[in-house]
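None of the values given here were measured: they were computed from a predicted structure.
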Amino acid sequence: MKKYSIVIIMALIIFFVMSDISHAQIEQPLPSLIINENLSHTKSAQIKDSINNVSLSKTNIRLAPNSLISIKHPWTPSTQNIYLINANLTTEHIQRRLFSDIAQLDLEARNINGDNDYSVSFTLDPIWDRIVYSQKNGNWIKTYGGHTGDYRFSSPKGMTVDARDTIFVADYYNGKIVKLYYNNSQNKLFFVSALTIPGLNRPVDISIEQSGKYCCPELDRIWIADDVAGKIVQINRSGVVLSTIEYYTVPGKGTFRLNKPIKVLAREKDIVDLKYISFIDEERNAFIVAFADNIAGTNITAYSYTEFDKNISKLTSIGLDINYEYWVTDERMKVLHKFSYTGDYLASFDNGHFTSPQGISRVPLRFTNNAAYGIPYLYTADRWSNTTGLRGYLPGADIINLSMQETSNSFNFSFTLTNKCHLKAEIIKYWNNDVLYTFCNNDVMSAGNFSYTINKSILNTNEFRFRISAIPYYNSYYGDYQQNWKTYIIKYPENIFAPIISSFTQSPTPIYRGDAGVVTCVLSQGNGNITYEWSYSGLPEGVSVSFEGNRAVIVNNQNKI
């Protein structure tokens with residue numbers, strides 16, 4: 001029984017680097033998902049008219065609490081449902097805490113040779129100065145950094161993995177970039193070299209941009225953030241410095257010194273798009289996306305800039321999903337922030353699981369014939385403790401920020417999609433749901449902010465509903481976690497009421513001075529009467545009024561004409 005438990009936990013440690021969610025239900029693993037130029041995100045590569053330049057606080061972030069699907073490990077025995085790996089779990093099964101307490105773990109994974117059962121995860125522990133790595137079907141857990149012959153790290157804080165089984169580590173206090181090689185036939189990491197990069201003091205994070213894929217490694221670029229020197233440096237694989245970023249300009253906002261970059265993530269160019277570089281500026285608590293080639297001297301111009309309120313937010317890490325869209329962890333808000341392919345802020349996710357979110361991985365990739373293959377998971381880390389640690393999620397699709405504005409000639413509809421999805425959007429009659437106008441009919445849409453304008457003359461009615469539905473694009477790969485269509489409706493008018501009909505009579509007609517009379521009022525709407533209260537004002541001297549239900553009795557004691 002003990003041996004069986006060890007096998008299970010070894011599988012769990014790398015539980016989010018495979019594409020087989022419903023493994024127990026099928027004979028063969030699901031294929032990898034291809035991400036290439038055919039995805040609709042390439043539409044968003046067009047140059048925007050104006051930069052996305054926003055500041056967000058707790059009151060104006062867009063929360064999407066139901067869009068992250070928490071998944072259990074596919075190999076979990078039928079009697080167990082394990083969603084979270086923490087120190088309590090690893091101590092129980094393998095008698096090891098595995099990582100240092102409160103560590104900010106850096107996560108990466110490698111999709112080996114297209115066989116997802118042999119994908120490998122790498123988790124960097126900056127306090128215990130080592131890498132913990134394992135393979136899904138390998139039934140083993142190994143470490144690098146503490147054994148005789150290993151390179152000795154000193155607070156390594158960032159790591160990136162490429163398609164050639166190479167791991168680059170930002171070794172903070174040693175001030176070096178360490179290159180390791182993963183031999184997938186021996187399932188072992190080997191030291192290659194430790195480079196000192198001119199101008200770097202304390203490398204805090206590192207990312208590789210694999211524009212060369214397999215064929216042309218000379219095209220690859222490596223980006224390194226230094227939070228002491230205050231710069232981001234671009235090098236080639238030989239360690240030659242190609243460019244340096246010390247300032248960034250936000251159009252309409254100003255130019256800022258990049259004193260404290262703490263995370264960097266590069267995204268390679270595909271066939272039709274541009275290369276992007278993204279980073280976190282801790283000093284301004286901002287997430288910035290820019291074109292990687294848009295550097296003038298030591299300054300880069302931001303393409304997208306989102307600043308968060310430092311009093312209640314602390315950005316900690318950047319991840320990338322299968323759609324090449326950005327995810328940013330926020331330690332203080334305890335959420336994951338989602339950004340579009342071009343860096344537009346979309347939504348923030350809080351499933352009640354995050355205590356101190358610190359790490360999120362880039363999607364595990366493999367490259368074949370210059371096409372990238374990946375999987376739809378998000379692999380996240382809280383600070384390691386007895387009760388917090390590693391989790392995995394599938395990003396569901398939801399529609400938020402749904403609104404309608406009316407002008408004299410048109411209706412303007414706007415909404416935000418939190419993930420790539422199939423979308424249906426149409427205007428229907430409110431009384432029988434007949435379709436008046438269709439915007440989308442099961443169209444595939446990337447995550448983003450959208451708006452549609454329709455001329456009033458097209459509708460030919462003043463009473464309608466705007467109906468919109470979404471389902472995840474990769475839903476067929478979600479296995480037991482498939483979502484149903486989510487549907488939302490806006491009514492116009494916002495609240496449709498039957499007209500109010502009034503009946504107002506008096507007897508005698510008219511009521512002369514010196515006479516008495518009764519005024520009767522009946523208000524009705526639809527099939528029912530409306531209750532109301534009488535009131536009066538400015539009665540002349542000698543006139544009195546009393547109320548009896550829907551009757552007002554008026555007495556005028558003056559006998560003057």
Side-chain angles (χ1 to χ4, degrees), residues 13-14 16-17 98-100 103-112 119-135 141-146 150-184 188-195 197 200 202-210 220-227 232-233 235 237 239 261-267 278-280 316-320 327-329 358-365 378-381 383-384 390:
I13 297 305
I14 50 91
F16 300 119
V17 291
L98 204 62
F99 304 107
S100 56
Q104 180 174 345
L105 305 174
D106 196 65
L107 312 171
E108 288 291 343
R110 172 75 172 93
N111 187 335
I112 302 292
S119 296
V120 178
S121 71
F122 303 90
T123 305
L124 182 67
D125 187 331
I127 299 178
W128 284 355
D129 298 331
R130 66 181 190 176
I131 298 172
V132 177
Y133 60 109
S134 186
Q135 192 175 68
I141 303 172
K142 297 180 181 180
T143 65
Y144 181 92
D150 288 353
Y151 173 87
R152 295 305 176 98
F153 298 108
S154 182
S155 191
K157 294 189 176 182
M159 172 179 59
T160 189
V161 180
D162 73 4
R164 298 174 182 82
D165 304 321
T166 304
I167 294 89
F168 296 93
V169 181
D171 188 11
Y172 191 73
Y173 284 117
N174 284 331
K176 296 182 181 297
I177 299 303
V178 179
K179 183 177 180 181
L180 305 173
Y181 174 70
Y182 175 71
N183 186 313
N184 59 49
K188 188 174 180 180
L189 279 173
F190 292 91
F191 174 78
V192 178
S193 62
L195 298 176
I197 307 300
L200 283 186
R202 293 285 183 263
V204 69
D205 196 32
I206 186 168
S207 180
I208 187 166
E209 162 210 311
Q210 291 195 235
D220 294 346
R221 299 293 180 260
I222 298 167
W223 298 79
I224 307 158
D226 187 322
D227 66 344
I232 295 174
V233 173
I235 65 174
R237 283 184 171 267
I262 58 168
K263 286 293 176 181
V264 61
L265 189 146
R267 195 174 68 204
S278 63
F279 54 93
I280 294 174
T316 50
S317 186
I318 309 171
L320 202 65
W327 294 76
V328 176
T329 54
Q358 299 290 318
I360 187 166
S361 75
R362 179 178 176 137
V363 60
L365 298 177
L378 294 175
Y379 182 30
T380 68
R383 288 195 184 274
W384 185 257
L390 308 177

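- With sequence neighbours left out, Arg130 forms a salt bridge (charged side-chain N to carboxylate O under 4.0 Å, His left out) with no residue at all.
- Shown here are the side-chain hydrogen bond (donor to acceptor under 3.5 Å, both in side chains) partners of Tyr151, two or more places apart in sequence or in another chain: Asp171, Asn174.
- Looking at every heavy atom in both residues, Val161 comes nearest to Arg110 through CG1-CB, 3.9 Å.
- Residues satisfying the side chain to side chain contact (heavy atoms under 4.5 Å, CB included) test with Ala266, not counting sequence neighbours, are Ser207, Glu209, Trp223, Ile277.
- With sequence neighbours left out, Phe279 forms a ring pair (Phe, Tyr, Trp, His ring centres under 6.0 Å) with Tyr248.
- Remark: Lys179 is not positioned above the aromatic ring of Phe168, lacking an NZ or CZ atom under 6.0 angstrom from the ring centre and at most 45 degrees off the axis.
- Thr316 is listed as a side-chain neighbour of Gln104, based on a closest heavy-atom distance under 4.5 Å.
- Aromatic pair Tyr144/Phe190: ring centres not closer than 6.0 Å.
- With hydrogens and angles ignored, the 3.5 Å screen pairs no side-chain donor or acceptor of Ser155 with any backbone N or O of Tyr172.
- For the residue pair Asn183/Asp165, the side-chain donor-acceptor check at 3.5 Å is not satisfied.
- Between Trp384 and Leu98, the closest side-chain pair of non-hydrogen atoms falls below 4.5 Å.
- Annotation: side chain of Arg221 is not in contact with side chain of Ile235 (no heavy-atom distance under 4.5 Å).
- For Lys263, the side-chain hydrogen bond (donor to acceptor under 3.5 Å, both in side chains) partners two or more places apart in sequence, or in a different chain, are Asp106.
- Residues Tyr181 and Leu189 have side chains not in contact (no heavy-atom distance under 4.5 Å, counting atoms from C-beta outward).
- Under the salt bridge (charged side-chain N to carboxylate O under 4.0 Å, His left out) criterion, Asp220 pairs with Arg164, Arg237, not counting sequence neighbours.
- In terms of the side-chain hydrogen bond (donor to acceptor under 3.5 Å, both in side chains) criterion, Thr166 has no residue partners (sequence neighbours excluded).
- Across all non-hydrogen atoms, the minimal contact from Pro203 to Ala170 is O-CB, 3.5 Å.
- Under the side chain to side chain contact (heavy atoms under 4.5 Å, CB included) criterion, Ser278 pairs with Leu265, Phe287, Val289, Ile318, Tyr326, sequence neighbours left out.
- What you find for Ile224 and Leu200 is that their closest heavy atoms are CG2-CD1, 3.6 Å.
- With sequence neighbours left out, the ring pair (Phe, Tyr, Trp, His ring centres under 6.0 Å) criterion links Trp128 to no other residue.
- Aromatic ring pairs are classed by plane angle as parallel below 30°, tilted from 30° to 60° and perpendicular above 60°; the pair Phe122 and Tyr182 is perpendicular.
- Under the side-chain hydrogen bond (donor to acceptor under 3.5 Å, both in side chains) criterion, Asp125 pairs with Ser100, sequence neighbours left out.
- Contact detail for Pro126 and Lys157: the closest heavy-atom pair is CB-CG, 4.3 Å.
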